[in-house]
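Presented below is the structure to which this report refers.
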There are 2 protein chains.
Amino acid sequence: MQPRELPRPPRTPIDGEGAGHRSRDALRAAQMYYLQDLTMDAIARELRTSRSTVSRLLSLARQTGLVQISVSNPAERAPVLEQQIRRRFGVEAHVVPVADSVSDSEALERVAIQAARTISPLMDSNAIIGVAWGSTLSAVSHHLTRKDIHDSTIVQLNGAGNTQTTGITYASEILRRFGQAYGARVEQFPVPAFFDHAETKRAMWNERSVRRILDLQHRMTVAVFGVGSIDAGIPSHVYSGGYLDEEDLAQLAEDEVVGDVATMFFREDGSHRDILLNQRSTGPDLDRLREVRRRICVVSGETKINGLRGALAAGLATDLILDEASARRLVQLAADDHPGAPARLAGTSRADR
Amino acid sequence: MQPRELPRPPRTPIDGEGAGHRSRDALRAAQMYYLQDLTMDAIARELRTSRSTVSRLLSLARQTGLVQISVSNPAERAPVLEQQIRRRFGVEAHVVPVADSVSDSEALERVAIQAARTISPLMDSNAIIGVAWGSTLSAVSHHLTRKDIHDSTIVQLNGAGNTQTTGITYASEILRRFGQAYGARVEQFPVPAFFDHAETKRAMWNERSVRRILDLQHRMTVAVFGVGSIDAGIPSHVYSGGYLDEEDLAQLAEDEVVGDVATMFFREDGSHRDILLNQRSTGPDLDRLREVRRRICVVSGETKINGLRGALAAGLATDLILDEASARRLVQLAADDHPGAPARLAGTSRADR
DNA sequence: CCCCTGCGTGCACGTTTGTGCAATCTGGTT
DNA sequence: AACCAGATTGCACAAACGTGCACGCAGGGG
């Protein structure tokens, strides 16, 4: 009964080490499979093992980032939607093809998978990566594939505690996954999502333990977040998970809030001045956030469209990963706002098939 | 019976065009398959087509370079063999894993496939790419996958005519494939591999039509070639295809030639001065070749080891793609030459398994 | 006008691949 | 020495995949 009860015993083949049998075989197998087009059967014979082992070696190779599969760099001839979004909103769009018929939860899952793979190439060594939490980020975190970069840090963007839980397990799961995928240190932000009193926040913000996190956030090179939308059909955790009470919600309505990023709220036009709740929120100051080099926003579901438009109006993102239906809607709404410019898409989407 | 009898009618969807149904669907399918992990069946339903069509769309996507699969960049922990070769010979080695038991012709095929995929990322826009000919290059050319880069030129490194044929169809097939893969202009070099008389070469080298090619070669940014080895079990085309007569071969022996690159010969120590045949050969001057930024050498088969060692001694390559057996042999021979340094590999190769 | 040729499609079949399960192995603890 | 937990293997079965073939459609030539 020593004080040692780590989830993992010292046996930690996480990554480093000169590569054991296993990962060396995985490399060989990957080369033979992906570069020489042998069948797994043939590889098994050469490696003197069973075919099923080869299958597993290959999935290991994919998992650990030994094999990287990328689709379509040539941005010139990118799909129309992505170009339109880029022109309209000045963000790099990655539209995830998802038929309109699939369920919301499946769409989220698929956007998440593709998002995980899309952000991977954007991660670099020595990065400080801010990560928010929420159902979207949670889904993304489950699908990250490993990439070995060095000396990076994952920092939590906003507190996760609420009146019912400290939020630790949920948010920290997300962070942990990011940390594991990129071999990075993880810095949690152990504060509630919202303080009850703005003064408490000010006080805490002067604590050194908190300043350390704020300082990291200040030096962020990448931020990854979803958006919340007030009127979302499936409301974000923030609006239903015990974070806000009746009064808070009324205040949000009063302030004409349409959504949030990392529990910082904004209006339809992107402004966030004088939104009371922000004074008690532990999220990053939005003006500050805007200065981060790479700001990646992941969105799935048309119901988040209003929050998304606000976030775009506020210029919070440099990269936007979203499902096709939302992308279409986004462009269409933009066209309605500024009629005259490129024709709306309604017709096009049918002609596509 | 018009003079028009091109192999392909004007119907040329080669690449350009805004992308038709087909390649757009291919992109969607590729995203769904490789980025979202859907099954082909599921994709077929979303695309309202049959599963088999999806299978074909995906292979199109791979073929046309829409999907790029790369294996293992992290050079730090590259396999031991590659590191040893890099240290010993100062070239970037790509060792192709091939069990010792496979036949020579299969090994060639596999090296060729992997070579084709390995050189693809090295090709850039505005490149001038010199390409030799021979059985190795022929095999490589069959497996190139498309990559769209612009304004590049493929230029033939050495003439291919001999006493029996003009060599056009054979060499030009290789060039054509390269040109097609990279959307590049192709410049053939319509001269024999060897002139009968050195003076003819000098004369021709002053012709403007020839100078144009020489000029291109001079501005090469990448060169791709195999090696010939005098004592190769399966002799290179050059030594058996009617390019050289008895007398020539005797002369080569006299000059202590061990092999050639693009029909330019060299000795074991890498020197090429005073090798008579080079005066009649149409290959690129080796001193000149050495100045090309990226020089990629593809070798399959232990029998070419002597030619390869000469080529390495001459510093002709910056990148070397070769099968595992040859790689091992290469390192072992080097260790024998300079005993004392890192232990030889004989023992290791067994412990590997 | 019809025919012919080339391309794209879906079907059906054989092949290739993923995975739950039970047996086995390995390294460390009692 | 015996034991145990976790990892790793091969097997067998089901799922997923590639491809030859026959059909149908479109465009150009006779």
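All chains are named by letter (A, B, ...) in the order of the sequence lines, taking the proteins before the strands, and each is independently numbered beginning at 1.
The T53(B) side chain lies nearest to dG10(C) when the options are dG18(D), dG10(D), dG10(C). Distances from the side chain of T39(B) to the nucleotides dG18(C), dA16(D), dT16(C) place dA16(D) closest. Side-chain proximity of M40(A) to the nucleotides dT17(C), dG10(D), dG10(C) is greatest for dT17(C). In this structure, the nucleotide among dC17(D), dT19(C), dG10(C) sitting nearest to the side chain of R51(B) is dC17(D).
The distance from atom CG of L57(B) to atom C1' of dT19(D) is 15 Å, rounded to the nearest whole Å. Atom CZ of R56(A) is separated from atom C1' of dT9(D) by 7 Å (rounded to the nearest Å). Counting to the nearest Å, the P atom of dA7(D) and the CG atom of D25(A) are 19 Å from each other. Remark: P of dT9(C) and CG of L58(B) are 13 Å apart, rounded to the nearest angstrom. Straight-line distance from the CD1 atom of I43(A) to the P atom of dT17(C): 8 Å, rounded to whole Å. For the pair D41(B) CG and dC17(D) P, the interatomic distance rounds to 8 Å; values are reported in whole Å. Remark: C1' of dT16(C) and CE of M32(A) are 17 Å apart, rounded to the nearest angstrom. The separation between L60(B) atom CG and dT19(D) atom C1' is 16 Å, rounded to whole Å.
Between L35(A) and I69(B), the closest heavy-atom pair is CD1-O, 4.4 Å.
Going from atom OG1 of T53(B) over to atom CZ of R51(B) covers 10.0 Å, rounded to the nearest 0.5 Å. In this structure, CD in E109(A) is found 8.5 Å from NE2 in H142(A), a value given to the nearest 0.5 Å.
Among the atoms of the strands shown, only primed sugar atoms or phosphate atoms (P, OP1, OP2) are found under 4.0 Å from some heavy atom of T49(A).
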